[in-house]
Protein chains: 2
Amino acid sequence: MTAPLHEAHPDGPGRPSHEARPAGPGRALPDTQQGMRRRNLARVMHAVSAEGPLSRAAVASHIGLTRAAVSTLVDELIRSGLLEELGPERPGRVGRPGSALAVSGHGPAGIGAEVGVDHLAVCAVDLRGQVRAKAVRHGANRGRSPGPVVEELTELVRQVVGEAEREGLWPAGLAVAVPGLVARDARTVVRAPNLDWHDTDLGALLPTDFPLTVDNEANFGALAELWLGKDAPLDFLHVSAEIGIGAAVVVAGGLLRGTRGFAGELGHVPVRPDGPECACGGRGCLEQYAGEEAVLRAAGLEPGEDRVGLLADRAAEGDEDVRRALHDAGTALGIALTGAVNLLDPESVVLGGALAGLAPWLLPSLEAELDRRTAGPACPVSVSRLGSEGPLLGAAHSVVRAVLDDPAAVAGRA
Amino acid sequence: MTAPLHEAHPDGPGRPSHEARPAGPGRALPDTQQGMRRRNLARVMHAVSAEGPLSRAAVASHIGLTRAAVSTLVDELIRSGLLEELGPERPGRVGRPGSALAVSGHGPAGIGAEVGVDHLAVCAVDLRGQVRAKAVRHGANRGRSPGPVVEELTELVRQVVGEAEREGLWPAGLAVAVPGLVARDARTVVRAPNLDWHDTDLGALLPTDFPLTVDNEANFGALAELWLGKDAPLDFLHVSAEIGIGAAVVVAGGLLRGTRGFAGELGHVPVRPDGPECACGGRGCLEQYAGEEAVLRAAGLEPGEDRVGLLADRAAEGDEDVRRALHDAGTALGIALTGAVNLLDPESVVLGGALAGLAPWLLPSLEAELDRRTAGPACPVSVSRLGSEGPLLGAAHSVVRAVLDDPAAVAGRA
DNA sequence: ACTATTTCGTCATGGCGGTTTACAAATTAG
DNA sequence: CTAATTTGTAAACCGCCATGACGAAATAGT
């Protein structure tokens, strides 16, 4: 049915240079003509995906190749089912109208999954970025052992994949967002305190026919922000919270993972070095002031279900205790973020996850603190539009991006 | 004399992907056959430079091309004067011995310069990494206006370039290290408190025939560590101090610069949020505890010439006040670094610049603090072998690396 | 209406670059 | 002294993009 493009390839290691450059489409391919071809296929996909329906000529001028070269690339991509010809454009411009090309809505799909503290969610996103299938199951997962939870998740995945297939899509990969630290192998959950999981190899538990990736929910949330936010910056800090406080560092349009994959542990940045002891061994970590548990205690509330919603409701009602607790949490966040901003000089800071819903009461003190402690203009703080949807969407989109980044790798699997 | 390889090229913008990949040789070249050729020339240079004298066959297996292809690449590089044929290898292995290739010692040279608070230095480094010429001038530059200082520097550059040319080298570029914040244009010194320079365009003041780059001394120090340190990690934090406290963040073998180029401002990370006021507007910044001025005051010493040497001498003599001051500075550094390490998860932290000389008295409290506040194994802290030579060497080597990264760009200029 | 102009997509040709294949040269093993 | 191994190079080949020319399909001008 679909024509194969090229065989799979080994990634060549890049050698260091003195400038961190943005990660580009398929930049790790071998420098041979085949690699060049694959990179150019990727560039065509990126251009069409980013700039909407485009004619071959428009693609050519976007990526700097000739119309003839683009023609052959597009042919190959259409034969592989990754691109679709929409038909002639209806232009007011002089000259023969081009034939509009769009990313296929019937080709590969990215399957995203999220393991939350009290829910599971799975969705399928097509190459166009549309959510085509979705399934959610509520129920507390805290303390449940990984086995049953993953089994339930697999069932949801099956459901969503089935639905997607009925729409003419086929799964190109599965990406799972978890609330915890994930090793660089992108399979092992090293520590997820909220679930009480430790060193759990999800790769072994989730036997799928397609590639699997596991990552921190804050990371996926940041990627969603990067890809789905309109004119999102290429360097920013995405702060997210769900009991623990995680951050994702985006540099030049790519995630900063750290040596072990643990980068972004904002929750254990010291805020008051002589403050209360923390489970991590330190004192006065940010989590002691802005973590969910700490905020609830300061507000005089008990732990329980959907505590974030409760906090937001109470604050909206004008509860002084809650407001003060959130104000103080904002201050602590501001202090920690001052350090982070000084270190990274990001273009902006984005509040996502649970923090997005509480932003109205956190932001004033947070921004005041950041502003007060910064010499020049303070780093702008914004709130994620995606909110709690971020990690799930980011996960699914990460699979889609992988296809766009190397269409040839996926074209043979249709 | 030397054969031109290709014309200069415009840099194509890379599109974002979801993984920060290491910056590689010539990775921003256009995806056309010419670009491929240039990247492969770069890969040959890198291989020969990194792995010592290599035969064509060895290069081929290193970079994954065929011997035939490498032969033509090497021919071109030899004609351009960037590579040299050393003659037949003398091996114990069976088979015809290869002909050893080495990076040329008579081609382009990188000129590095350093503007210190009380000295100026310039050196020339050949492609092999050898320092071939050097000139230093002592004398306080603090408070002098940029004009005369740069004039003096230009004179030193002229001297060093002359000496290098007498050795058969030609300058491929000039890189200047300054103790302050440099804008992303790599020309303008935005703020250098120790020199009292503000918004100074060194590009206008330093008219040279070859490309000019200006950067923070901490950044160049980090690059020196990255390139010259034996098996240096690809992700680390390089902390340096000369009155202010700067850090350079190295991610995947490349510098993290930040949106405005101000990344690494470790000195203004809050250590004690209610501490003494700082010039930056904040309170309890690291500089208030570990900055040179603060340490001198805590030690009961007056500011003056070579205060770092004085501190080291007194500490070595056993001066209790000085030791306590350094101990406390180490603690503050440890607190700030805990935050940075949590955020970035680097492979190690390297103490460079003035801190290297004081390390024996800073390290114990610094490491204790870092260890105490970290859950798992603490991030290892090491001391730069390069010490105060780092920035100057890093600057010169940055020019050399630029040549290795795109030999074709430089080959026509011989 | 009819022609000139502009732009799009495609085809044939050519140049460039790495691969494949073959071979001579230089060394070691037996 | 021969067989085996490895190196470097040359010739033929293939893949990929550029160039230039062409028909097709729209607008602009008369």
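Below, read A as the first sequence line, B as the second, and so on, with proteins coming before strands; counting in each chain starts at 1.
- For the pair M36(A) CE and dG15(D) C1', the interatomic distance rounds to 8 Å; values are reported in whole Å.
- Rounded to a whole Å, the CG atom of D75(A) is 13 Å from the P atom of dC16(D).
- The interatomic distance linking R37(A) (CZ) with dG17(C) (C1') rounds to 16 Å, in whole Å.
- Rounding to whole angstrom units, CG of residue L65(A) and P of dG9(C) are separated by 15 Å.
- As rounded to whole Å, 15 Å separates atom C1' of dC16(C) from atom CZ of R38(B).
- Panel note: side chain T32(B), backbone G35(B); no donor-acceptor pair is recorded below 3.5 Å.
- Side chains of T72(A) and R37(A): a donor-acceptor N/O pair is present below 3.5 angstrom, by distance only.
- Here the side chain of V94(A) is nearest to one of dG18(C), dT5(D), dT6(C), namely dT6(C).
- Between N40(A) and the phosphate of dC16(D), there is no side-chain N or O to OP1/OP2 separation shorter than 4.0 Å.
- Looking at heavy-atom distances under 4.0 Å, S55(B) makes contact with sugar-phosphate atoms alone, never a base.
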Practice problem: Begin from the C-alpha positions of L77(A) and M45(A) and carry the test side-chain contact (heavy atoms from CB on, under 4.5 Å) through to its verdict. | Solution: CA-CA 8 Å; L77(A) 290 168; M45(A) 289 302 291; 3.8 Å; yes
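- Under the 3.5 Å distance criterion, with hydrogens and angles disregarded, no donor-acceptor pair is assigned to the side chains of D126(A) and H106(A).
- Rounded to whole Å, the distance from CZ on R90(B) to P on dA26(C) is 14 Å.
- Below the 3.5 angstrom threshold, one finds no donor paired with an acceptor across the side chain of R96(B) and the base of dT6(D).
- Annotation: of the two residues near DNA chain D, G95(B) and P97(A), the 5′-most nearest-nucleotide partner is G95(B).
- In this model, the phosphate group of dT9(D) is approached by a side-chain N or O of S71(B) to a distance below 4.0 Å at OP1 or OP2.
- Distance CG (L73(A)) to C1' (dG15(D)): 13 Å, rounded to an integer number of Å.
- Between the base of dG9(C) and the side chain of R67(A) there is a donor-acceptor pair shorter than 3.5 Å.
- Not a single donor-acceptor pair, N or O on each side, falls under 3.5 Å between the base of dG15(C) and the side chain of Q34(B).
- Distance CD (Q33(A)) to C1' (dC14(D)): 8 Å, rounded to an integer number of Å.
- Contact between the side-chain N/O atoms of R93(B) and the OP1/OP2 oxygens of dT28(C) is not found at any separation under 4.0 Å.
- Note on A57(A): only backbone sugar-phosphate atoms sit closer than 4.0 angstrom, heavy atoms only; bases stay farther off.
- In this structure, A68(B) and G98(A) both approach DNA chain C, and ranking their closest nucleotides by distance from the 5' end singles out G98(A).
- Annotation: side chain of I78(A) is in contact with side chain of L101(A) (closest heavy-atom distance under 4.5 Å).
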